[in-house]
Amino acid sequence: MSLRGTEMQVDVITDLEVLAKLQQDWERLYKADPEAQFFVSWNWLVPYMRVYKGAWFVLAARLGNPGSPYVALMPLRMRTRMSGKTGLFFNEISMAGNNAADYTGAICDPEHAEKALRAFGHHVAQMGWARLNLENLRMSRERVFAFIGQFSRDIFAMREFSRVNAADNVDNCRCFAAALPDTFDGYLDNVLSTNTRQKLRRFLRKVDAGELRITRADADTYERDIDTLLELWRVKWGARKGDRLAAILHNNRRVLRDSFKNGTLYLPVLWQGDRPLGALAIFVDPVKKALLFFMAGRDETVTSIPAGLILHGHCIKLAIENGLTTYDFLRGDEPYKFAFGVTESKINCAQIYTKSGRNAGDRLDPRSLNAIFAEVTRFHQQGQLAKAENGYRQILASDATHSRTLYGIGQLLSAKGEHREALAHYQTLATTVPTSTKAWLRVGLELQALSRHIEAADAFRKVLSLAPDFAGAEFSLAKSLAALERSEEAIETLEALEHKLEAASRDDTLLAKTRIMLKRLKLETRPSYIMLNPDRKPVTRVLSTAL
């Protein structure tokens with residue numbers, strides 16, 4: 001789809017095949033954009049996005065007709081949540097790299113960046129959502145203001161928030177990176193303190209002499225090395241992460257595997273003999289000439305060997321030897337980073353939200369409806385009927401012809417005895433899906449419950465025109481015919497049904513019900529007889545219809 005923004009067209013990419021065709025534009029913009037950073041690169045972000053099937057989308061801005069080169073891309077992700085206060089569902093938009101990316105943002109042709117961000121903001125403001133999370137946003141103020149300036153203050157509000165860990169007072173909105181000189185000796189002599197320089201040189205000599213060794217993950221060892229890194233990290237941080245630990249480990253393992261397969265992971269492990277002392281996960285960005293330190297693990301019981309210092313020094317030396325210019329320590333102001341001659345930058349964390357707390361326009365995003373329906377169905381099955389009804393009604397407010405929802409709310413309302421409204425939903429379903437035998441059967445049953453038997457009979461005949469062997473519809477038709485005192489037709493229908501069920505060797509409830517009704521109707525239609533009373537006056541009696 002596309003939407004006209006401020007002097008631009010914004011296409012919304014949601015299909016993997018279309019996304020694949022975007023690679024050339026993506027890589028061209030990434031190379032040209034001075035604000036682009038590794039976590040919005042094609043090789044890192046696209047494999048991560050693919051995991052969130054049906055949730056990711058990319059806003060793509062172009063000048064001119066469809067097929068024109070894109071001038072900006074903004075990868076996003078949507079999920080659905082439910083308010084604990086209202087019981088209503090709402091949509092939440094986040095940056096596509098959330099939960100794994102230290103930095104998020106957009107990539108732009110610098111010449112058109114602010115216009116593109118205005119167009120993106122205009123588009124997002126028109127979508128149905130209640131929260132927009134702009135976490136770890138690494139963008140210039142000009143771009144940020146161009147984007148957030150499109151959100152009406154009458155509808156939306158914004159709050160900025162910090163990312164300070166209460167346990168250790170680390171501020172994760174502060175970021176640090178070292179600019180690398182032409183030589184490693186120049187880095188040691190001109191950037192590091194005397195104490196750090198001497199310590200690092202001494203331990204790197206131990207590596208050169210074989211007292212310690214550093215291996216690099218390759219095709220044969222990367223699984224082992226990832227396991228080693230994550231286990232060392234778990235021992236250090238597992239208790240602090242609590243219930244989130246398993247999810248964090250799973251997510252990081254997947255990210256590291258994908259990065260290795262894409263050629264963007266450097267994973268050195270420091271050993272003493274056969275004992276791993278520490279490991280680093282480093283992302284390699286040849287376009288921006290940077291190494292980015294993602295995570296570390298070290299043996300906390302070994303205090304005499306500074307595994308972190310040795311491994312970081314090793315990686316910085318490698319970066320310089322390969323012509324890279326930046327060693328990025330990413331988020332967090334942990335004290336050890338200051339020893340490496342870093343400079344500081346900051347990222348933004350904010351949330352734009354609707355003042356009502358509900359989706360803008362009180363409509364759910366169309367792509368989220370099937371997931372919401374699955375959750376609502378679970379409520380229905382568990383007997384949480386108020387929640388289920390709320391959910392069904394929210395879906396229909398966004399898509400009045402959502403077929404499975406029409407059927408579900410019809411069932412719920414019918415069970416409550418609200419047959420008129422149930423009928424209205426089933427009639428909408430039958431109009432929307434005119435070949436649905438289940439829809440027409442339900443229309444007939446609700447009409448029957450309302451004693452509208454002529455219409456009910458027509459609905460059951462519609463079912464049988466679509467599915468001549470639909471035994472339940474034949475039985476229900478006979479019931480309505482009997483209610484209309486068209487007993488001969490009812491009996492004929494039931495006899496045909498009984499024969500059909502017997503021929504199919506069915507010995508079930510429907511056959512039993514058919515026989516009971518058939519017996520009753522035949523008794524009711526037997527001829528009356530004449531009986532003389534004692535004073536010789538004729539009295540007419542009819543056989544009892546009691547079974």
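The figures that follow rest on heavy atoms only: side chains count, while hydrogens, waters and symmetry mates do not.
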Working to the nearest 0.5 Å, report the span between [atom1] of [X] and [atom2] of [Y].
| X | Y | atom1 | atom2 | value |
| --- | --- | --- | --- | --- |
| Asp102 | Leu292 | CG | CG | 8.5 Å |
| His122 | Gln150 | NE2 | CD | 7.5 Å |
| Glu27 | Ser41 | CD | OG | 9.0 Å |
| Leu280 | Arg298 | CG | CZ | 11.5 Å |
| Arg393 | Ile409 | CZ | CD1 | 4.0 Å |
| Ile316 | Ile282 | CD1 | CD1 | 9.0 Å |

Going by the ring pair (Phe, Tyr, Trp, His ring centres under 6.0 Å) test, name the single residue among Phe57, Phe90, Phe156, Phe89 that passes it with Trp129.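 The option that passes is Phe156.
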More than 12 heavy atoms of other residues, nucleotides or ligands under 6.0 Å from [atom1] of [X]: is that the case?
| X | atom1 | value |
| --- | --- | --- |
| Lys241 | NZ | yes |
| Gln24 | CD | no |
| Lys288 | NZ | yes |
| Asp168 | CG | yes |
| Glu321 | CD | yes |
| Lys355 | NZ | yes |

Working for side chain to side chain contact (heavy atoms under 4.5 Å, CB included), residues Leu63 and Met8: CA-CA 5 Å; Leu63 295 166; Met8 287 196 179; 3.6 Å; yes
Phe38 pairs by side chain to side chain contact (heavy atoms under 4.5 Å, CB included) with which of Leu291, Asp328, Asp285?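 Of Leu291, Asp328, Asp285, side chain to side chain contact (heavy atoms under 4.5 Å, CB included) with Phe38 is met by Asp285 alone.
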Looking at Ile372, Asp362, Leu364, which one forms a side chain to side chain contact (heavy atoms under 4.5 Å, CB included) with Ser398?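 Going through the options one by one, the only one that passes is Leu364.
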Tell me, do [X] and [Y] make a side-chain contact under 4.5 Å, heavy atoms counted?
| X | Y | answer |
| --- | --- | --- |
| Thr432 | Ser403 | no |
| Ile226 | Arg253 | yes |
| Leu22 | Val46 | no |
| Tyr103 | Leu330 | yes |
| Val302 | Arg275 | yes |
| Asn91 | Ile93 | no |
| Ile305 | Lys206 | no |
| Glu375 | Met82 | no |

Given side chain to side chain contact (heavy atoms under 4.5 Å, CB included), test Leu267 with Phe260 step by step and report yes or no. CA-CA 9 Å; Leu267 202 167; Phe260 181 84; over 6 Å; no
Closest non-hydrogen atom pair between [X] and [Y], with its separation:
| X | Y | result |
| --- | --- | --- |
| Phe147 | Phe151 | O-CE1, 3.4 Å |
| Asn359 | Gly128 | ND2-O, 3.4 Å |
| Leu45 | Pro75 | CD2-CG, 3.5 Å |
| Ala106 | Met139 | N-SD, 4.2 Å |
| Arg367 | Ala55 | NH2-O, 3.6 Å |
| Val10 | Ala119 | CG2-CB, 3.7 Å |

I'd like to know if the side chain of [X] reaches the main chain of [Y], judged simply by a donor and an acceptor atom lying under 3.5 Å from each other, with no hydrogens or angles considered.
| X | Y | result |
| --- | --- | --- |
| Glu300 | Val235 | no |
| Asp365 | Met78 | no |
| Asn190 | Gly186 | yes |
| Asp333 | Asp171 | yes |
| Thr354 | Arg358 | yes |
| Asp33 | Leu29 | no |
| Arg174 | Arg331 | no |

Is the Phe338 to Phe176 ring centre distance short of 6.0 Å?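 So the answer is yes for these two rings.
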Please step through side chain to side chain donor-acceptor pair (under 3.5 Å) for the pair Asn370 and Arg404, ending with a clear verdict. CA-CA 9 Å; Asn370 287 338; Arg404 291 180 294 169; 2.9 Å; yes
What do the steps show when you test Arg28 against Asp25 for salt bridge (charged side-chain N to carboxylate O under 4.0 Å, His left out), and what is the final call? CA-CA 5 Å; Arg28 171 180 55 79; Asp25 275 344; 2.8 Å; yes
Using 30° and 60° as the class limits, which term best fits the ring planes of [X] and [Y]: parallel, tilted or perpendicular?
| X | Y | result |
| --- | --- | --- |
| Phe283 | Phe294 | tilted |
| His314 | Tyr266 | parallel |
| Phe329 | Tyr327 | perpendicular |
| Tyr48 | Trp44 | parallel |

Please determine, by modelled atom types, if [X] and [Y] share a side-chain donor-acceptor pair under 3.5 angstrom.
| X | Y | answer |
| --- | --- | --- |
| Thr264 | Asn43 | no |
| Glu135 | Ser94 | no |
| Arg138 | Ser345 | yes |
| Asn65 | Ser68 | no |

Between Glu389 and Lys387, does at least one N-O distance fall below 4.0 Å, as a salt bridge requires?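 Not counted as a salt bridge, because no side-chain N and carboxylate O are separated by less than 4.0 Å.
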Quick test of your reading of the model: are Arg62 and Asp109 salt-bridged, counting only N-O distances below 4.0 Å?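 Salt bridge flag = no for Asp109 with Arg62.
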Could you go step by step and tell me if Val269 and Arg224 meet the side chain to side chain contact (heavy atoms under 4.5 Å, CB included) rule? CA-CA 11 Å; Val269 182; Arg224 178 205 66 186; 5.7 Å; no
Are Leu16 and Leu19 close enough, and set up right, to give a side chain to side chain contact (heavy atoms under 4.5 Å, CB included), and what steps lead you there? CA-CA 5 Å; Leu16 281 174; Leu19 179 67; 4.2 Å; yes
I'd like to know whether Arg234 forms a salt bridge (charged side-chain N to carboxylate O under 4.0 Å, His left out) with Asp227, so could you lay out the CA-CA distance, the side-chain angles of the two residues, the decisive distance to 0.1 Å, and finally the verdict. CA-CA 10 Å; Arg234 184 197 65 77; Asp227 288 344; over 6 Å; no
